[in-house]
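Below you'll find the structure, written out as structure tokens, and then a few comments.
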Amino acid sequence: MARVYNFSAGPSCLPEEVLKECAAEMLDCNGTGQSVMEMSHRSSAFEPIIQDAEAMVRKLMNVPDNYKVLFVQGGGSTQFAMVAENLGIKNKKAAYIETGVWAKKAAAEAKKLGVAVDVIASSKDKNYSYIPKVEKISGNYDYAYICFNNTIMGTHYEYIPDTGDIPLVADISSCVLSEPLDVSKFGLLFAGAQKNLAPAGVTLVIIREDLIPEPEACLPGTPTMLAYKTHADNGSMYNTPPCYTIYVLDKVLHWIEKNGGAEGMLKRNKEKADYLYNFLDSSDFYHATTEKGSRSLMNVPFLTKYSDHAADDEAAAAKEKAVNDKFVKEATAAGLVNLKGHRLVGGMRASIYNAMTLDGVKALVEFMKKFAANN
Ligand SMILES: *Cc1c(COP(=O)(O)O)cnc(C)c1O
């Protein structure tokens, strides 16, 4: 079976070079006679791997010295709670910008833990198809929270809100290292690895040191594992880390470095996204669902002309669904997989993370042209 072009939103495609290296080292990593899967995390064979992964994050993201780089588990979803438990502790009040599912879930989790949530802006009025412009955030908030790239809706911030002294928290799960980012503008950044960095299993957290509370100062009842201090004090090895995922992550980071670092990724990603959006914007058959000025370079949802019908027109809705299903089925047969759209947006979605090639995007556009001509 030839390899396919995988447009999955996550877990998603990884650089082929990295997969080949992993395969070559599966039975014997660095002359140890073991797979990384089998190594003790406290061994002299594994420790350099996690140390290098941290050093590579610092280097590629230009992380200032007063920030900790942590590898934790539980995915982006656990961060929704961890952020509130560790940062929502003084005034127990936080500002959230609502840009779709992931931001809403984060706000709901904070509320559940007793943090008062102010939704200071929302793009709900247009089904989250744009990013609200919030120049300045002020008030007695413990933190302000944004989802920097909205994986489901396909939107992305083209600015960083000015929060003054309020720590800015950003979920960068689906755009980490897809572009340069000024870490010093944020109090905390987190990213589940399975979108742009590695297989599922590890979450990267970058947090300014002065924001890490003593475990006792976290919200009452915060488990040991959910206090950032636990991980910060133990080099992310308080308990067994997801060793193999961190090993792959380290390899992906070296691949990013070889390909020009964050700047190189931005160039590569802009080229791919421009190619796809230019096609969508010039097509009579397809259209992007997001507004210009808020578009993600990573996740591109799109609809067909059959989506333009009255909400209560059942026959037209059935036709729309049939066309979408046919698109996904025929694309799959052509080696272009995981293009089904999220149910909240409908249509199709192409996720074109760092590892997706321009050739993959060109193959998709060629297929889309043929499909439009035949339907
Ligand atoms: C996928 C995703 C999440 C959830 O990540 P899990 O690791 O599945 O918990 C959170 N935020 C964003 C932006 C995502 O894309």
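Start at 1 and go down the list; that is how both ligands and their atoms are numbered. Keep in mind that this is a model prediction, so the values were computed, not measured.
- Taking every heavy atom of K195 and a limit of under 4.0 angstrom, the matching atoms of ligand 1 come to 1 (C), 2 (C), 3 (C), 14 (C), 15 (O).
- A donor-acceptor pair under 3.5 Å is absent between the side-chain atoms of D52 and the main chain of M56, judged by distance alone.
- Residues F186 and Y67 keep their aromatic ring centres 6.0 Å or farther apart.
- Within the listing of ligand 1, atoms 13 (C) sit less than 4.0 angstrom from a heavy atom of N149.
- Residues K321 and N324 have side chains that never bring a donor and an acceptor to within less than 3.5 angstrom of each other.
- Of the protein's non-hydrogen atoms, G76 N, 3.6 Å is the one closest to atom 5 (O) of ligand 1.
- Closest protein heavy atom to atom 9 (O) of ligand 1: S77 OG, 2.6 Å.
- In the vicinity of G75, heavy-atom distances shorter than 4.0 Å reach the ligand 1 atoms 7 (O), 9 (O).
- Every atom of ligand 1 with a heavy atom of T151 under 4.0 Å away is listed here by number and element: 12 (C), 13 (C), 14 (C), 15 (O).
- Figure legend: cation-pi geometry between K305 and F285 absent, as NZ or CZ is not positioned both under 6.0 Å from the six-membered ring centre and within 45° of its axis.
- Residue-ligand proximity: Q194 is placed with a non-hydrogen atom under 4.0 Å from ligand 1.
- Close to ligand 1: F80, with a non-hydrogen atom less than 4.0 angstrom away.
- Side-chain atoms of D142 come within 3.5 Å of backbone atoms of N91 as a donor-acceptor pair (strictly under, hydrogens ignored).
- For H287 and F302, the ring centers are positioned 6.0 Å apart or more.
- In terms of protein heavy atoms, atom 11 (N) of ligand 1 is closest to D171 OD2, 2.6 Å.
- Donor-acceptor pairing under 3.5 Å is lacking for the side chains of N239 and H41.
- Between C147 and ligand 1 there is a heavy-atom distance shorter than 4.0 Å.
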